[in-house]
Amino acid sequence: YLPSHHPMVRNLPGRPRIAARDKQGKIITKNLDDLKQRIADVSTQVTAAECRDILEVTFTTVECKLSSELRSAYNSMEAEMMMMIRDDLITADNVISMLTRLSMLTSGIATAELGTVFENPKKKELLSILDNHEGVPAIIWTRWKDEYRETLEMLMSNGYKVTSDPALFQDGHADIFLSSPAQGGTGLNLTEAKLQIWMSSSWSAIERTQALARNNRAGQTANHLHVYDLVAKNTIDERILQALQDKEDLLNTILTKKKI
């Protein structure tokens with residue numbers, strides 16, 4: 001997005017912003033034609049379909065149920081956050097910290113003050129997906145260090161060959177490439193994978209887009225790829241996934257001028 005003070009958008013008619021939400025929370029856009037006209041001389045648009053064959057990708061959201069103890073801890077933390085908002089005691093730093101803690105809890109990762117160890121509710125569903133795609137090379141994305149460690153231990157105890165080395169994975173020496181999008185989601189060629197599984201996601205649309213492209217790229221021999229998102233029901237996981245979809249819809253709207 002160009003900032004409002006940028007000369008290309010500074011003199012747009014009306015307010016310079018090109019995206020907002022209406023009273024129902026739906027994304028609305030304006031001034032797109034003016035913006036495109038101003039950047040036409042310094043930009044061009046080429047779609048992936050014009051450069052290579054587009055693979056069919058199936059996206060599936062798998063709901064994971066929190067244990068009663070984990071649900072209680074999650075609800076308490078969420079209530080604490082809402083109380084701080086209501087009493088106007090929350091700052092931007094507080095929001096980021098509490099949203100991070102909520103997201104960690106959906107994977108069973110508790111901060112020290114809770115003094116409790118929870119089972120990751122997503123591990124069972126992960127094994128089920130891998131069983132359903134037996135023998136299919138996979139990428140598994142984790143967000144947290146503890147989540148990475150626990151997932152690695154579980155996979156190895158179930159007989160899977162796991163690596164974070166892209167060369168070993170591409171050479172067929174491992175069944176699973178395990179990493180975080182922040183570390184392994186950019187620049188790597190992982191076309192041996194026909195399957196991606198997201199244990200947890202961040203709010204970054206760029207990070208997700210880059211990570212999804214690790215195996216959906218030139219050199220991929222499969223005609224169909226699968227992407228699974230493991231989502232704890234009625235938690236911040238759902239909001240993160242919806243926010244990522246909203247960002248993708250907004251980008252598509254700007255590029256195609258289609259209304260959502």
Side-chain angles (χ1 to χ4, degrees), residues 1-2 36 39-62 126 129-143 147-148 151-152 155 160-231 240-258 260:
Y1 303 101
L2 297 177
K36 286 195 172 187
I39 66 175
D41 292 339
V42 293
S43 66
T44 187
Q45 178 180 338
V46 179
T47 66
E50 295 173 303
C51 302
R52 62 179 177 87
D53 294 335
I54 298 300
L55 302 177
E56 183 179 356
V57 182
T58 298
F59 290 87
T60 304
T61 300
V62 178
L126 171 62
I129 294 170
L130 292 174
D131 286 343
N132 291 335
H133 294 271
E134 185 177 359
V136 177
I139 300 169
I140 299 177
W141 299 117
T142 60
R143 187 179 176 190
E147 185 179 51
Y148 174 92
T151 302
L152 175 62
L155 291 171
Y160 289 99
K161 297 178 181 179
V162 186
T163 186
S164 295
D165 186 326
L168 290 178
F169 180 74
Q170 284 293 97
D171 288 341
H173 297 302
D175 309 305
I176 293 171
F177 178 82
L178 178 65
S179 186
S180 69
Q183 291 182 319
T186 304
L188 299 183
N189 180 13
L190 301 172
T191 51
E192 281 299 303
K194 321 304 178 189
L195 169 69
Q196 282 199 30
I197 305 172
W198 291 71
M199 296 290 286
S200 52
S201 297
S202 74
W203 301 92
S204 172
I206 294 177
E207 184 176 88
R208 182 173 174 88
T209 299
Q210 285 291 323
L212 288 172
R214 292 315 91 215
N215 64 329
N216 189 354
R217 58 194 294 116
Q220 177 59 258
T221 58
N223 296 321
H224 194 137
L225 303 178
H226 291 271
V227 177
Y228 290 89
D229 285 286
L230 302 183
V231 174
I240 291 175
L241 209 57
Q242 184 59 55
L244 292 170
Q245 185 61 56
D246 287 346
K247 293 174 183 180
E248 182 179 352
D249 290 343
L250 176 57
L251 177 60
N252 290 335
T253 300
I254 293 173
L255 293 178
T256 65
K257 296 195 292 186
K258 292 179 180 178
I260 297 176

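Keep in mind it's a predicted model, so treat the numbers as computed, not measured. Both backbone and side-chain heavy atoms feed into the values below; hydrogens, waters and symmetry mates do not.
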Within a reach of under 6.0 Å around CG of N223, are more than 12 heavy atoms found that belong to other residues, nucleotides or ligands? no
Are more than 12 heavy atoms, taken from residues, nucleotides or ligands other than I206, located less than 6.0 Å from that residue's CD1 atom? no
Which pair of heavy atoms, one from [X] and one from [Y], lies closest together, and at what distance?
X    : Y    : answer
S201 : L244 : CB-CD1, 4.2 Å
A174 : F169 : O-CD1, 3.9 Å
L55  : Q220 : CD1-CG, 3.4 Å
L188 : P166 : CD2-CG, 4.0 Å
L195 : N215 : N-ND2, 4.0 Å
S179 : G184 : OG-N, 3.5 Å

Gap separating the [atom1] atom of [X] from the [atom2] atom of [Y], nearest 0.5 angstrom:
X    : Y    : atom1 : atom2 : answer
L190 : N216 : CG    : CG    : 12.0 Å
S202 : I240 : OG    : CD1   : 7.5 Å
R143 : M199 : CZ    : CE    : 13.5 Å
I139 : I176 : CD1   : CD1   : 11.0 Å
Y228 : L130 : OH    : CG    : 10.0 Å
S164 : I140 : OG    : CD1   : 10.5 Å

Assess the residue pair D229 and R208 against the criterion (side-chain contact (heavy atoms from CB on, under 4.5 Å)); give the C-alpha distance rounded to whole Å, side-chain angles, the decisive distance to 0.1 Å, and a yes or no. CA-CA 12 Å; D229 285 286; R208 182 173 174 88; 2.9 Å; yes
Pair L225, Q196 - check side-chain contact (heavy atoms from CB on, under 4.5 Å), show working. CA-CA 8 Å; L225 303 178; Q196 282 199 30; over 6 Å; no
Could you check whether R214 makes a cation-pi contact with W141, meaning its NZ or CZ is under 6.0 Å from the centre of the six-membered ring and within 45° of the ring axis?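 Judged by the rule (NZ or CZ under 6.0 Å from the ring centre, within 45° of its axis), R214 is not positioned above W141.
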Relative to each other, are the rings of H133 and H226 parallel, tilted or perpendicular (30° and 60° limits)? tilted
Test T221 against K194 for side-chain contact (heavy atoms from CB on, under 4.5 Å), laying out the working first. CA-CA 9 Å; T221 58; K194 321 304 178 189; 3.2 Å; yes
Using the rule side-chain contact (heavy atoms from CB on, under 4.5 Å), only one of D175, L178, L168 pairs with T163; which is it? L168
Would F59 and L212 satisfy side-chain contact (heavy atoms from CB on, under 4.5 Å), going step by step from the backbone distance to the final call? CA-CA 11 Å; F59 290 87; L212 288 172; 4.1 Å; yes
